[in-house]
Amino acid sequence: MKNKDLDREKQFHLEERAAELEAAGYSPEDAQAEARRRFGTPKPMAPPEPKRRPTMTFDQFVQDVRFTLRSLRRNAAFAIFATLIAGLGIGATTTVFSVAHALILRPLPFAEPDRLVWMPNRDTGGLSAQTTQVAHMLDLRARTQTMTGIGGFFAFYGVGDQVLTGAGDAERLSGVPVTDNFFDVLGVRPAYGRTFNADETRWQGSPAVILSDGLWRRRFAADPGVVGRRITLNDDPYLVVGILPAEFDFATVFAPGNRFDLFLPFPLAPETSRWGNTMSMVGRLKPGVPVAAAQAEVRAIAEELTRSHTDRNSFVGVVKPLTEKVAGGMRTAVWVLTGAVAAVMLIVCANLSNLLLARTASRQREMAIRMAMGAGRRRLVAQMLTEGLVLALGGAAVGVGLAWVGTAALAQQNAVSIAMLSSVRLDPVALGFGLGLAVLTGILFGLAPALQAPDLALHGTLKDSSRGATEGRERRYVRSALVVAEITFACVLLVGAGLLVRSFMRVLDVPLGFDPVRASTIRVDPDGRITTPEQTDAYYNDVLTAARAIPGIQAAGITDALPFGRNRTWGIWAQGQADERGPVTSAYIRIVSDGYFAAMGVPLLAGRDFSSLDLSTTERVAIVNRTLAQRIWPNSDPLGQTLVKLCGQAATRVIGVAGDVRHLSPEQPSGGELYLPMRQCRQVSSADLVLRSDLPAAQLAATVRSSLRPLIPSIGGNEFRGVQQLLDKSVSPRRFLVWLLGGFAVFAVVLASIGTYALISYSVNQRTREIGIRMALGASAREVQLGIIRQTLALAAIGLVLGTAGAWALARAIRGLLFDVTPGDPWTFAAMAGVLLAVAAVAGYVPARRASSTDPL
Amino acid sequence: MPRQKNDILQGTLVLLVLRTLADQGRMHGYAITSHIQYVSADLLRVEEGSVCPALHRMTEDGWLRAEWGLTDRNREARFYTITTAGRRQLAEEEASWTRLRTGVQRVLRRA
C-alpha cells in the first residue's frame with residue numbers, strides 16, 4: 001500500500017515536471033528524460049539507524065520463502081516425502097488432541113458443567129448397586145444444603161423398549177424415563193415446548209413424551225407443530241410436550257454407544273420406590289460448594305436414612321464430578337494416546353531434522369557461495385529455519401486434512417461405547433493446536449541444520465572439494481543421536497502397543513461362559529394386545545414354537561437380560577442359613593425361558609433346565625450359577641436347596657447349576673447369578689429371543705422375521721443382531737485403543753527405519769572413497785557389508801537399551817489398562833527387540849550392499 | 001558530473017517542508033518543491049527523488065497528514081497538511097537551525 005502510494009506520487013511528479021518542460025519547449029521524449037534526470041535517484045525511505053541491531057525484515061523472510069519454494073521444486077521428491085511425514089505426524093497429533101479435547105478437556109455440553117455431580121449409591125458392582133431407591137432420593141432432595149437440585153433417570157431403561165406406530169413403519173425406539181427436574185438440573189432447555197409438568201410426573205399421570213432432536217428430524221420432518229400432538233407408543237397415545245435441542249446428547253454422556261429417541265416422565269412416588277434401587281442421580285452444586293462438602297453431607301444423610309428406614313435398601317451415597325464419570329475409564333487411555341502421539345511427533349521431527357541435515361550437507365557449495373556473496377551467519381540460519389517452517393506448514397495443510405477425516409471417522413464410530421466420542425470434531429482450538437504444532441516442529445527440525453549451515457559454509461570455502469573428506473565427528477554425532485532417539489521412541493511405542501495388543505487378545509480369549517459365535521438375537525416383547533399371564537405364557541410358547549420350527553435353528557430361548565446389556569441384582573435369602581432376616585448375598589437376576597441355556601451355549605453343570613411346564617401353578621424353581629452355589633452352600637449340594645422371598649414367593653427350589661457367565665464385560669468376573677423361569681416370575685422388563693444356528697445371520701434374519709410376523713406385526717422394526725456384536729461392542733473401547741496405538745507404533749517403526757536407512761546410506765555415500773580404498777587394499781565385499789551392518793546394529797542397540805528403560809516405565813504407568821499381562825511381559829519385550837533389530841539390519845543391509853559394490857577405481 | 005553546490009543540506013529538508021506547509025497550508029509534493037525553489041529564488045534546489053520519501057517518512061512520524069485529492073488541473077495528487085505535532089517539530093527544527101547557523105557563522109568569522 002505504502003509502496004503503491006509512493007509510486008503513484010513519483011509518477012505524478014515526473015508527469016508535472018515533464019508537462020512544465022514541454023511547455024518550455026522540450027520535445028515530449030526529451031521532457032520525460034529530463035524530468036527523470038531531475039528527479040534524481042530515490043533515497044532510501046528510512047536510513048537504518050546505526051544503533052539498531054540488524055534483524056530479519058519481512059522482505060527478507062518473503063525472499064527466503066520464495067527461495068525455499070524454488071529449491072524445493074527442484075527437489076520435489078524430498079519435498080513431498082518431508083511434507084507427507086510432517087503431515088502424518090501433525091494429522092495424528094491433531095486428531096488425538098481432538099479426542100483428548102472432547103473426552104477430557106472440553107466442558108460437558110451443559111450449563112455450568114463444573115457444578116454437576118454424579119451420585120451413584122455405591123462406587124462398584126452392578127447397576128443395582130450404583131442406583132438409589134426413590135424414597136431415599138426424595139429424602140435427600142429435601143435435606144440437602146449443598147445442592148440446588150437433584151434429578152435422575154431410571155437406570156433400567158430398556159434400549160428399544162418403545163414401539164412407535166402411526167405414520168410410516170413401526171419402529172422400535174429407546175426411551176429414558178427421567179424425573180421432573182432432570183433437564184433443569186442439567187440446565188438443558190427444550191428447543192420447542194416444555195419439560196414435564198407435575199400432572200405428568202405423578203404416578204399414572206397423563207402420558208407425555210419429549211422427543212430427541214434426532215427422532216424429531218427423522219420421523220417428524222423437523223416440524224415444530226408436533227408439539228401438542230399425540231403419538232402412539234406401545235399402542236397408547238402420548239402427548240408430545242417438548243423437543244430437545246440438538247446439542248443435548250443423552251447417550252454420549254450417560255450411555256455411550258447407544259441412541260436415545262425419547263424421554264418419558266418417571267414418577268417419584270411410593271409405587272416406584274417399591275421397585276427398589278432404580279435411580280441414577282445427578283446433582284447440581286450450589287455455586288462455590290466443593291464436591292468434598294457435598295460428598296460429606298450426602299454420606300451423612302445417607303447413613304442416617306439407612307439407619308432410620310430399615311424397610312428400605314441401603315444407601316451409601318457417593319458424589320463425584322460428572323466429568324469424572326464421563327471421562328473416568330478413558331482418562332488413562334487418552335493420556336497414553338497423547339503420550340504415544342507425542343512420541344510419534346518427536347520421531348517425525350528427528351526424522352525430518354536428519355533429512356534436512358543430509359540436504360544441508362549436500363549443499364555445502366551453495367552455502368559457501370552464499371556466504372561469499374555476503375550472506376551473514378544470521379541470514380543463513382534464517383534461511384534454514386525458513387525451509388523447516390515451509391515444510392512444516394505444508395505438512396500442516398496435509399495434517400489438518402487428515403485430522404479432519406480422522407475426527408469425522410472417529411465421531412461416527414457408533415459401535416464404540418466411549419463417552420463423548422461422538423462429539424469429537426476439529427474445532428478452532430484443535431486447528432490452532434495443529435498450526436502451533438506445525439510452527440513449533442518446523443523450528444525444531446529446522447534448528448539442527450540451521451545451526452550447522454554456517455559451519456558447513458566455512459568448511460566448504462576452505463576446501464575446494466569435500467569429496468574425499470569424511471563427515472566431521474560432531475556432525476555425525478548429532479545425526480546418530482537423532483536416529484538413536486527415533487529408535488528409542490519407536491521401542492517405547494512398540495512395547496506399549498504390544499502389551500495392549502496382548503491384553504486385547506487375552507480379553508478375547510477369556511472363557512465367557514457362553515458361546516457368542518452362531519448365536520443371534522431379536523427383540524420379541526409382547527405387545528399391548530397381550531395382558532393376562534395366561535396370554536403371555538401362550539405368546540411365549542407360540543414364539544418359541546415358531547422359532548424352533550425354522551429350518552436350521554438348533555435351539556431357541558428367551559431372556560430378559562442379554563450379556564453386556566442390562567443387569568440388576570437382588571438380595572438372596574436362603575432357607576437354613578444363619579440369618580434369615582437379611583439376604584445372605586446378592587445375585588444378578590436373569591429371567592429366562594426354557595431352551596435359553598442351549599441357545600446361548602451356557603453349560604448346565606448339574607440338575608435340569610427349565611421346561612415349558614414350569615408354570616405359576618407348579619412348584620417354584622430356580623437355577624444358580626456355580627459361584628452363587630459355592631457362596632451359599634459351600635459344603636453341601638445346591639440341588640434341592642430352598643431359597644426364600646424370591647420374586648414374591650415364599651419358597652423356590654434350586655433345580656440346576658449353570659456355568660458362570662461373564663455378563664458385565666469379558667474383563668470382569670461373573671459374581672453370583674440366579675435364573676428364574678419366565679412363566680413363574682413376571683418381573684420381565686424386556687424379551688430377547690436368542691437363536692442358535694449355523695446359518696449366516698443375514699440369511700437367518702429374513703426367515704426369522706417372516707416366521708414371527710404373524711405373532712409380532714412390528715418385528716420389521718426390531719434389530720437382528722449376532723451375540724458376537726454385543727461382545728464386540730463391549731470390547732470396543734479396548735479395540736479402539738489397540739488400533740490407534742498399534743497404528744502409531746507401526747508408523748513409528750517405519751519412520752525409525754527410514755531414519756536409520758537415510759543415515760547409513762548417507763554415511764556410506766560420504767565414505768565412498770574410503771570404502772573404495774579399503775576394497776582396493778583387499779577388504780572383501782563381505783567385510784565391508786559387515787562393517788556397515790555392525791555400525792547400524794550398534795545404533796539400534798543403544799536405542800533398544802534406552803527404549804527398554806522407557807518402555808519399562810511406560811508399562812508401569814499403563815498397568816491399569818493391561819489385562820492378564822504383566823507390565824514386564826518378556827514376550828512383548830523380546831518381540832519388540834526382535835522387530836527393531838530386524839528392521840535396523842534391513843535398513844543397514846541395503847546401503848551396505850551398495851557400498852560393497854563400490855568400484856575401487 | 002560535479003555535484004551542484006545548491007543541494008539542500010542534509011537534515012534541512014524537513015525544516016523547509018514543515019515551514020512551507022505551515023505557511024501555505026495544503027499542498028502536494030510537487031508544489032512544495034516548486035515553492036521552495038521559487039521562494040529561495042533558485043538558490044535551493046530540492047531533488048524530488050528525496051522529497052517523496054521524506055514526505056512519507058514525515059507522514060509516518062505524524063508530522064504531516066496526507067490525503068489523495070485533485071489538483072486545479074484535475075490530476076490526482078497526494079496533498080499534505082501540517083499537524084500539531086508537525087508544528088512542534090518545526091519549532092524545534094527552527095531553533096536547532098538557528099543554533100547551527102549561529103555556530104557556523106561564528107566559526108566562519110574567526111577563520
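Convention: sequence-line order gives letters A, B, ...; per-chain numbering from 1. Quick caveat: nothing in here was measured; it's all calculated off a predicted structure.
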Rounded distance [0.5 Å steps], CD in A/Gln11 versus CD in B/Glu76: 12.5 Å
From CD (A/Glu16) to OG1 (B/Thr33), nearest 0.5 Å: 9.5 Å
Validation row: A/Phe12, B/Arg78 side chains within 4.5 angstrom (heavy atoms): no
Spacing of OG belonging to B/Ser34 relative to CD belonging to A/Glu20, to within rounding of 0.5 Å: 6.0 Å
Exceeds 12 heavy-atom contacts within 6.0 angstrom, atom CZ of B/Arg65: no
Within 6.0 angstrom of A/Arg66 CZ, more than 12 heavy atoms from elsewhere: no
Test item: side-chain donor near acceptor, A/Glu15 and B/Tyr30, under 3.5 Å: no
